[in-house]
Amino acid sequence: MKYQAPRGVKDLLPPESEAFRRLEDEIRETFTLSGFREVRLPIFESAALFTRSIGESTDIVEKEMYLFEGKGGEKLALRPEGTASLLRAAIEHRLAEPGRTSRLFYQGAMFRHERPQAGRLRQFHQAGAEVLGPNDPDTDADLIATVSRYAQRTGIPGSRLLLNSMGCEACRPEYRKQLVAYLEARKSNLCETCIRRIGTNPLRVLDCKVEGCQKTLNAAPAITSFLCPASREHFERVCQALNEGEIPYILSPRLVRGLDYYTETAFEWVSDALGAQSTWAAGGRYNGLVSSLGGPDVPGVGLAIGIERLYLLREQAGTLPLSAEPPVTIALHPLDDDSRAYIRTILTTLRAEGISCVGLFGANRLKKAFVSAEREGARFIGLAGENERGNGTITIKDLKTGAQKTVPAGSSAELISLLRSEIPADSAR
RNA sequence: GUGAGUGUAGCUCAAGGGCAGAGCACUGGACUGUGGCUCCAGGGGUUGGGGGUUCGAAACCCCUCACUCACCCCA
């Protein structure tokens, strides 16, 4: 084979492409119901935007970005995530202003140069929602509820919500100091990466999956016991709001997000039905991020859903939103060459009425026409030859039931209502 | 970036040193204005690619590429 898709990227073909689209529509609807409005963001940005926001020493920035140069030598990057882009756009267009609330969501492809595996691709899709403005526990809880309720409603198999607080600029330094001291004292029990991380990003050590490290971490100080009064109250009120809303969660003192910008509330939805990449949605609060990107001092909270992972979960549960509707309502077949123009006219008329139809111009035998019609996914076949052409009718046959009827062609009420009435209601939405 | 497993027809898979095959799919016909069934016939392959061993390689060895899963990391 001469050409094939690059490693880690996938072609989505029907009917999977259609289910994927419906999944995206579901998410769009869910966010819209919670007051978010969509922004369409560029797929590449100045590389510095991501190094600044995601963090210099994160894996994403260190080794996973697709970097390239513009014609003028600018350093550009294919976006590895959406929050940085969205904030850049919000700042640039003055949507992030003190005292004002912006609820925005985005949806689209992200790029990370990683080794592909189950639930992990080099080009993948995320849908993310961000609330800019309020620094309010109820806002956090409401955002979390939006996704948790979606998960409940659609029945995501094995989904659990993990919850933690990362503290703020006031309390994190003290915790960091205590944690570093704890880790330094037990250096010999830690893996190589973790030892390096003590210096670069000690909180990430908490996340390490090496067994020895986890054992060592069992007695490590928990961030939640170092929270300053304000952060503590914020976190408690988030928990309380979730309790009152009957949103189940699991307190996870060692939950640390992989991006540096998170403060206060951090959360992650996981499912053990996913394989090694168990997170299907995640987010948190990022109170210093907008200002560090050159915007005003506006707090924010947001999350992102991994669409492919969501797809995998829904596929496993057998709840993918597949279309019940046939892709084509009617396939029209000319029974002789003289009827071809007649068929073309009917196609135009039906399409003007909003009825999807195709012409079977390649079939030279009636039997082949039937096979082609089925292959197109048509509900009906329409036949026109000398007889029909002569009296301005068309013969319609229901491919499922075998019922057949000759009716006036064109936009005749009889034809249109026949084609419409037999279409089963789209039960997928 | 590291490791393991797998690459044979469009798909699912046989053949484990001696003629590359089956089922499904595809094309044509039986069958010229009424399909799905059946029957007959046919097209399809540098066995992922390259090199080596051998009289002979899909098979054994080396390299390489791709896929899958895991590490890592994350949505």
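Chain letters run A, B, ... following the sequence lines, proteins first, then strands; residues in each count from 1.
For B:C65 and B:G28, the P atoms lie 42 Å apart once the distance is rounded to whole Å. Nucleotides B:U6 and B:A58 are separated by 15 Å at their C1' atoms, to the nearest Å. Only the P atoms considered, B:G45 is 36 Å distant from B:G3, to the nearest whole Å. One P atom belongs to B:C60, the other to B:G5, and the distance between them is 13 Å to the nearest Å. Annotation: B:A57 and B:C19 have their P atoms spaced 12 Å apart (nearest Å). B:C31 and B:G18 have their C1' atoms separated by 45 Å, given to the nearest Å. The C1' atoms of B:U12 and B:C61 are separated by 30 Å, rounded to the nearest whole Å. B:G51 sits 30 Å from B:C13 when the P atoms are compared, rounded to a whole Å.
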Could you list all N or O pairs between the protein and nucleotides 66-69 of chain B that sit under 3.5 Å apart?
unit_1	atom_1	unit_2	atom_2	d
B:C67	OP2	A:R7	NE	2.8
B:C69	OP2	A:A118	N	3.0

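The pair A:E92-A:R88 meets the salt-bridge criterion, with a side-chain N (NZ, NE, NH1 or NH2) lying under 4.0 Å from an Asp/Glu carboxylate O. Using a 4.0 Å cut-off between charged nitrogen and carboxylate oxygen, A:D398 and A:K405 do not count as a salt-bridge pair. Between A:D59 and A:R112, none of the side-chain N atoms (NZ, or NE/NH1/NH2) sits under 4.0 Å from a carboxylate O, so this pair counts as no salt bridge. One finds no salt bridge joining A:R21 and A:E18 here, because no Lys/Arg side-chain nitrogen approaches an Asp/Glu carboxylate oxygen to under 4.0 Å. A salt bridge does not link A:D25 with A:R22: none of the charged nitrogens is closer than 4.0 Å to a carboxylate oxygen.
Note: CZ (A:R112) to C1' (B:G1) measures 17 Å, nearest angstrom. Regarding A:K368, its NZ atom lies at a distance of 9 Å from the C1' atom of B:G28, rounded to whole Å.
Near RNA chain B, meaning a heavy atom under 4.0 Å away, there are no residues from residues 35-47 of chain A. The stretch residues 147-166 of chain A does not touch RNA chain B, since none of its heavy atoms comes less than 4.0 Å from the strand. RNA chain B lies under 4.0 Å from no heavy atom of any residue of residues 11-19 of chain A.
Among residues two or more places apart in sequence or in another chain, the ring-ring contact (aromatic ring centres under 6.0 Å, His included) test is passed with A:Y261 by A:Y286. Residues forming a salt bridge (charged side-chain N to carboxylate O under 4.0 Å, His left out) with A:R40 (at least two apart in sequence, or on another chain): A:E38. For A:F361, the ring-ring contact (aromatic ring centres under 6.0 Å, His included) criterion is met by no residue, not counting sequence neighbours. A:Y262 is linked by a ring-ring contact (aromatic ring centres under 6.0 Å, His included) to nothing, counting only residues two or more places apart in sequence or in another chain. Listed by chain and residue number, nothing satisfies the ring-ring contact (aromatic ring centres under 6.0 Å, His included) test with A:F50 (two or more places apart in sequence, or in another chain).
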For residues 381-388 of chain A, dump all side-chain donor-acceptor pairs below 3.5 Å to protein atoms at least two apart in sequence or in another chain.
unit_1	atom_1	unit_2	atom_2	d
A:E388	OE1	A:G385	N	3.0
A:E388	OE2	A:T395	OG1	2.6

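Side-chain atoms of A:R309 come within 3.5 Å of backbone atoms of A:T279 as a donor-acceptor pair (strictly under, hydrogens ignored). Put simply, the side chain of A:S372 never gets that close to the backbone of A:F370: no donor and acceptor are under 3.5 Å apart. With A:R172 contributing its side chain and A:M166 its backbone, the two residues share a donor-acceptor pair below 3.5 Å.
Ring-plane geometry between A:H125 and A:F20 is classed as perpendicular, the angle between the planes exceeding 60 degrees on a 0 to 90 degree scale with a lower cut at 30.
Two residues, A:G283 and A:L274, neighbour RNA chain B, and the one matched to the more 5' nucleotide by heavy-atom proximity is A:L274.
Judged by ring centres under 5.5 Å apart and planes tilted less than 30 degrees, A:F124 stacks against the six-membered base ring of B:A75.
One finds no side-chain N or O of A:R120 lying less than 4.0 angstrom from the OP1 or OP2 phosphate oxygen of B:C72. Proximity of A:K63 to the phosphate of B:C72: no side-chain N or O atom is located under 4.0 Å from OP1 or OP2.
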With the sugar-phosphate defined as primed atoms, P, OP1 and OP2, and the base as all remaining atoms, what B/S/- string results for nucleotides 31-40 of chain B, 5' to 3', for protein heavy atoms under 4.0 Å? B-BBBB----
Before you tell me yes or no, could you show the steps for A:R314 and A:E26 under salt bridge (charged side-chain N to carboxylate O under 4.0 Å, His left out), namely the whole-Å CA-CA distance, both residues' side-chain angles and the distance that decides it to 0.1 Å? CA-CA 12 Å; A:R314 293 287 291 276; A:E26 264 183 26; 3.0 Å; yes
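With a cut-off of 3.5 Å on both pairing distances, the Watson-Crick and G-U wobble pairs of RNA chain B assemble into stems of 3 or more at B:1-7 with B:65-71, B:10-13 with B:21-24, B:26-30 with B:38-42, B:48-52 with B:60-64.
No hydrogens or angles considered: a donor-acceptor pair under 3.5 Å links the side chains of A:H234 and A:D140.
Regarding the sugar-base torsion, B:G36 falls in the anti class, its angle being beyond 90° of 0.
Across A:L179 and A:P202, no two heavy atoms sit closer than the pair CD2-O, 3.7 Å.
Looking only at side-chain heavy atoms (C-beta outward), A:T146 and A:T30 come within less than 4.5 Å of each other.
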